[in-house]
Amino acid sequence: MPELPEVETIVRGLARKMTGLKFSGGTIRPGKLIEASPEAMLNTLRGKKILSIGRRGKHILFHLTGQWILVIHLGMTGKLQFLPHPNRQEKHTHAIFEFQDHPWELHFIDPRKFGRIRFLRVACKEHLEGHLRLGPEALEISSEAFIHRVRGKRKRIKALLLDQHFLAGLGNIYIDEILHAAGIHPLKIACTLSRKALLRLHGEMRRILQKAIQSKGTSVRNYRDETGSPGKFQKKLKVYSREGQPCRSCRSLILRKVIAGRSTFFCPRCQPERNPQLK
DNA sequence: CTGCATGTTAGGTT
DNA sequence: CAACCTAACATGCA
């Protein structure tokens with residue numbers, strides 16, 4: 001569920017409350033969500049201080065003393081909740097982290113278990129990048145670098161933007177919204193898009209991601225921030241999950257089609273498959 | 001019961 | 001090598 005704006009919202013919230021805290025212990029359920037054993041992870045964590053909390057793509061990064069990084073990916077249904085200690089665990093709580101001299105705890109909850117908690121010791125930024133293997137940040141890449149990166153890519157634009165190795169941070173919801181705002185059909189082959197179209201795509205990507213961060217993310221199903229609050233951007237969605245409803249720009253009915261294995265929503269009029277000036 | 005779900009990746013095919 | 005599709009992961013919801 002969480003894409004860049006949701007992860008960014010969580011990271012900002014956690015950074016405000018957790019920077020400087022020192023891990024004291026906790027409870028970790030063994031399972032696929034956790035690399036390494038719970039004991040090993042708790043032993044490594046104990047006594048480490050949180051220097052900063054950041055984000056790379058959809059990964060949450062807790063930078064700790066001793067060059068350790070706690071990397072959390074929320075998958076589809078993962079949640080992080082910062083709660084007063086002690087707090088009851090939910091049915092699908094997989095880890096609880098506790099802190100020295102601080103009466104709050106961090107819960108990691110994930111019903112579908114697509115999330116991951118990893119622990120990396122990295123000497124430098126390049127080392128971390130080698131582990132994550134992500135493309136440039138969607139909100140950091142320049143328009144020229146973006147256009148350059150699309151060159152030679154014969155993938156459908158929807159599939160290309162979903163690929164985290166190409167660009168990090170976008171997911172199914174925001175891609176549909178961005179393509180609609182840019183007037184680009186999701187099946188267009190990326191490298192056939194004009195320079196003008198790519199400039200517009202880059203601009204709409206920035207605009208929509210920033211607006212979504214301002215709205216604290218999109219809660220269409222079960223996304224919640226670290227306090228349990230939903231986002232507000234779902235009120236501003238123009239195409240996602242609106243199959244059969246009129247386009248808010250032109251009143252044409254929104255279509256749904258599976259592309260790259262994912263539900264894709266688009267307006268056939270605002271996002272023509274063929275170049276409009278050719279017809 | 002069926003179908004679907006905001007993510008990622010492995011494996012097979014074209 | 002590039003790109004496509006499907007399945008798999010595990011659970012909840014309409």
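Rounded to a whole Å, the CG atom of A/Asp110 is 10 Å from the P atom of C/dT11. Between the P atom of C/dA2 and the CD1 atom of A/Ile189 lies a distance of 16 Å, rounded to the nearest Å. Atom CE of A/Met76 is separated from atom P of B/dT8 by 10 Å (rounded to the nearest Å). As a whole-Å value, the separation of A/His94 NE2 from C/dC9 C1' is 12 Å. In this structure, A/Asp163 places its CG atom 10 Å from P of B/dT8, rounding to the nearest Å. The interatomic distance linking A/Tyr223 (OH) with B/dG7 (C1') rounds to 16 Å, in whole Å. Between the NZ atom of A/Lys91 and the P atom of C/dG12 there is a distance of 4 Å, given to the nearest Å. When the P atom of B/dT9 is taken as reference, atom NE2 of A/His59 falls 7 Å away, rounded to whole Å.
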Secondary-structure notation, DNA chain B, from Watson-Crick and G-U pairs under 3.5 angstrom (| other strand): .||||.||||||||
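One donor-acceptor pair, N or O on each side, does fall under 3.5 Å between the base of B/dA5 and the side chain of A/Arg112.
Here A/Gln164 does not reach the OP1 or OP2 of B/dG7: none of its side-chain N or O atoms lies under 4.0 Å away. The side chain of A/His73 places an N or O atom within less than 4.0 Å of a non-bridging phosphate oxygen (OP1 or OP2) of B/dT8. Regarding contacts with the backbone of C/dC4, every side-chain N or O of A/Arg262 stays at 4.0 angstrom or more from both OP1 and OP2. The phosphate of C/dA2 (OP1 or OP2) has no side-chain N or O of A/Lys155 nearer than 4.0 angstrom. Between A/Arg156 and the phosphate of C/dA3, there is no side-chain N or O to OP1/OP2 separation shorter than 4.0 Å.
In terms of position on DNA chain C, the residue among A/Gly261 and A/Leu160 whose nearest nucleotide sits closer to the 5' end is A/Leu160.
Relative orientation of the A/His202 and A/Phe146 rings is tilted, given thresholds of 30° and 60° on the angle between their planes.
Here A/Phe114 lies parallel enough and close enough to stack on the base of C/dC9, with planes under 30° and ring centres under 5.5 Å apart.
No side-chain donor-acceptor contact under 3.5 Å links A/Glu137 to the backbone of A/Leu167.
Remark: A/Arg56 engages A/Glu129 in a salt bridge, criterion side-chain N to carboxylate O under 4.0 Å. Between A/Glu98 and A/Arg46 there is no salt bridge, since no side-chain N of the basic residue sits under 4.0 Å from a carboxylate O of the acidic one.
Outside the 6.0 Å centre-distance limit, the rings of A/Phe99 and A/Trp104 are not counted as a close aromatic pair.
Counting any heavy atom pair closer than 4.0 Å across all strands shown, A/Arg133 reaches no nucleic acid atom. The residue A/Tyr174 sits apart from the nucleic acid: no heavy atom pair falls under 4.0 Å.
A side-chain contact (heavy atoms from CB on, under 4.5 Å) with A/Leu64 is found for exactly one of A/Thr44, A/Ile50, A/Ile69, namely A/Ile50. The one candidate from A/Glu226, A/Glu6, A/Glu90 that meets the salt bridge (charged side-chain N to carboxylate O under 4.0 Å, His left out) condition with A/Lys79 is A/Glu90. Exactly one of A/Lys158, A/Lys155, A/Arg133, A/Lys153 qualifies for a salt bridge (charged side-chain N to carboxylate O under 4.0 Å, His left out) with A/Asp163. That residue is A/Lys155.
With B/dA5, C/dT11, B/dT9 as the candidates, the nucleotide lying closest to the side chain of A/His165 is B/dT9. Checking B/dG7, C/dT11, C/dA3 against the side-chain heavy atoms of A/His92 singles out C/dT11 as nearest.
One C1' atom belongs to C/dC4, the other to B/dA5, and the distance between them is 22 Å to the nearest Å.
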